[in-house]
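Working notes, beginning with the structure itself.
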Protein chains: 2
Amino acid sequence: MTTSRSPRERPAKPALTSEGIVSAAVGIMQAEGLKKVTMRRLAQELDTGPASLYVYFANTDALHAAVLDRMLGKVDLAPVEAQGDWRDRLIQVLSSYTTVLFGHASLARSALVSRPGGPHYLEIVEAVLALLHEGGVPQAQAAWGVDILLALGTATAAEHARDDDEAPEVDWSTYVQVIHAASPNHPYIGAIGTDLLSGTPEERLQWAFRVLINGIAFTPRS
Amino acid sequence: MTTSRSPRERPAKPALTSEGIVSAAVGIMQAEGLKKVTMRRLAQELDTGPASLYVYFANTDALHAAVLDRMLGKVDLAPVEAQGDWRDRLIQVLSSYTTVLFGHASLARSALVSRPGGPHYLEIVEAVLALLHEGGVPQAQAAWGVDILLALGTATAAEHARDDDEAPEVDWSTYVQVIHAASPNHPYIGAIGTDLLSGTPEERLQWAFRVLINGIAFTPRS
DNA sequence: ACCTGAACACCGTTCAAGT
DNA sequence: ACCTGAACACCGTTCAAGT
C-alpha cells in the first residue's frame, strides 16, 4: 500500500546511469570536498555497493575526471563573441576557467593527473584558439600556446585553492620569516624581499596570463 | 652472544631522526613509487609503529614535502656561474628542475599541493633570480616571474611524468581520434589538427620556457 | 549486460600508556 | 621528550554469484 502507489513517500531508487552517478558525485563534492568523493561513499549515497560503480568508471581517477568535465561546463565562454580587445577577452575566458577550479583545489589537482579531454574541455580549447587566431597569433605558436595557458591556470588553482576540509594555507608571516631567514645566504632573495609574495593570487595570475600571451605571440617555434 | 657484540649480524635498529626517516622514504619511493610512501609502510621499514613517525612529521603531506626537498638537492645549479647566454643557462637550470620531478610524477603533484619552501627550493629560486638579474629583467617582473617559471615546470612534470606503478599515459592515437572527432564542431581545433599534440614534452617545455622568459622580460607589471 | 555481497589488502590518525 | 600498541574509521578493487 505504501510502496507501489506513492513513489514520493520513499524516493524510488533511480536506475544507475553515468550522468546520475556524476551528479551524485558533484553533490558530495560541493558538500564535503572531492576527498569524500570515493567509490564507497558514492555507492552508499546511491544505495548500492561500491562494485556497481565499476561498471561505469574504471577507477576513482576516471570518476574524478568525469566530475571535472561536468564542472568545466560552468566556464563562461561568452567573451569569445563579445566586443573589445582580444587579449582582454582571452584573459576573461582563462580567468573563468581558473575560477571554476579555484572552488575545488583537489579538482584542479585531478586535472593535472589525468589530462582532461572531455567535451567541455574541448570547448575551452576551441575558444582559446579562436581568440588567438583573432589576435593574429601564428598558428604553430597558438597550437602549443593553448596548452601552456590552460596548464598555468590549472597549476595556479591547484596551488592556491583550498578545500574546506584541507589544512589552511600556510600563514603569510611564515613565508616572510622564511624569506628573512634566507636573506644572508641568498642575496637576490634578500634584495627583492617580500615583493616575491606581493599581490593577490588573482593579480599575479592576470599578469601571468599577459606574460604568456605576449610571449606566445612573439616567440617563434624553433 | 649474538646480539650485543656483533651489530653486523642484525643491523642495530637505528635511532629515529628526521633525516633517517626521509632517507628511508626516498628509498621506498625509488623502489616502488611515492604512492607506497605511507606512514604505515615507512614505519614497517623502520621497524616501528606508524604513530612514532608523527613525532617528526605532522602528517603524510609534510612527509612528502620533506622527500621533495631532498630530491631537489639534485638539481644542477652550475649553469648560474657558467659562461654563455643567460637565457640558455636559465633554461638549463629550469630543465634540470623539471627532470628531477619527471622521474616521479606523484612527487611533482605533491609540489603543487604544498608549495615547496625547503632549503633546496630556495637555492633554486635564488639561482633563477640571479640569472634574471644578469639578463637585466626589471626586479618587479623577476619577483613574480620566478614563481611562474617554476610552476610551469612543476605542472609539466605533474602532467607528463608517469610513475612505474601508475596507469600508462593515454595512447597518442586516442588523442588523435578525439581531435578528429571534434573537428566538425570545432573549426579551430580541426584546422590545427595534430599540431596541437606535436613535439616531445621536452621540446614543448623548452619553447614554453622561452615564451615565459620573453614575456617576463617585456611585460610590465600593472 | 548489469548489479551485488563479501572479501582482500590496505590506508591516516589519535590516544592512553609507557620509557 | 620520545616511542609504542591498539583502536577507530575509513579506503580501492576484485571476484564469484546472481538477475
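These figures come from a predicted structure and were not determined experimentally. Residue numbering restarts at 1 for every chain, and letters A, B, ... go by the order of the sequence lines.
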Legend entry - R204(A)-S198(A) side chain donor-acceptor pair, cut-off 3.5 Å: no
Inset, instruction - With heavy atoms under 4.0 Å as the rule, sort S52(B) into base, sugar-phosphate or nothing. - result: base
Inset, instruction - Give the dot-bracket string for DNA chain D, reading 5' to 3', where a pair is Watson-Crick or G-U wobble with both distances under 3.5 Å, ( ) marks pairs inside the strand, [ ] marks pairs crossing earlier ones, | marks a partner on another strand, and . marks unpaired. - result: ||.|||||...|||||.||
Legend entry - dC8(D) and dC10(C), which share atom name C1', separated by this distance in whole Å: 15 Å
Inset, instruction - For Y56(A), report the nucleic acid contact type (base, sugar-phosphate, nothing); a contact means any heavy atom under 4.0 Å. - result: sugar-phosphate
Inset, instruction - For residues L42(A) and A25(A), report the shortest heavy-atom separation together with the two atoms involved. - result: CD1-N, 3.7 Å
Inset, instruction - From the options dT13(C), dT14(D), dG5(D), select the nucleotide whose nearest atom is closest to the side chain of M39(B). - result: dT13(C)
Inset, instruction - Tell me which of P50(B) and L16(B) sits closer to the 5' end of DNA chain D, going by the nucleotide each one is nearest to. - result: L16(B)
Legend entry - Nucleotide of dT13(D), dC3(D), dC11(C) approaching R41(B) most closely (side-chain heavy atoms): dC11(C)
Legend entry - Spacing of L46(B) atom CG relative to dG5(D) atom C1', expressed in whole Å: 17 Å
Legend entry - Side-chain donor-acceptor pair present, T154(A), R109(A), cut-off under 3.5 Å: no
Inset, instruction - Calculate the interatomic distance between K35(A) atom NZ and dG12(D) atom C1'; express it in whole Å. - result: 17 Å
Legend entry - Whole angstrom value for the distance that separates P of dC11(C) from CG of L34(B): 13 Å
Inset, instruction - Over all heavy atoms of both residues, which pair between Y97(B) and L150(B) is shortest? Give the atoms and the distance, please. - result: CE2-O, 3.6 Å
Legend entry - Nucleotide dC11(D), atom P - distance to NZ of K36(B) in whole Å: 21 Å
Inset, instruction - Could you tell me whether E203(A) and R221(B) make a salt bridge, using a distance below 4.0 angstrom between a side-chain N and a carboxylate O? - result: no
Inset, instruction - Please tell me which of V55(A) and R40(A) maps to the more 5' nucleotide of DNA chain C, matching each residue to the nucleotide holding its nearest heavy atom. - result: V55(A)
Legend entry - Note, T98(A) side chain near L152(A) side chain (heavy atom, < 4.5 Å): no
Inset, instruction - Starting at atom OH of Y54(B), determine the distance to atom P of dA1(D), rounded to an integer number of angstrom. - result: 21 Å
Legend entry - Interatomic distance where CG belongs to L63(A) and C1' belongs to dT13(D) [whole Å]: 14 Å
Inset, instruction - Establish, with yes or no, whether the OP1 or OP2 oxygen of dC11(D) is under 4.0 angstrom from a side-chain nitrogen or oxygen of T38(A). - result: yes
Inset, instruction - Mind calculating the distance between CZ (F57(B)) and C1' (dC2(D)) to the nearest angstrom? - result: 15 Å
Inset, instruction - Compare side-chain N and O positions of T60(A) against OP1 and OP2 of dC11(D) and report whether any pair is under 4.0 Å apart. - result: no
Inset, instruction - Compare all side-chain heavy atoms of L205(A) with those of F209(A) and state whether any distance is below 4.5 angstrom. - result: yes
Legend entry - Spacing between Q44(A) atom CD and dG12(D) atom C1', to the nearest angstrom: 15 Å
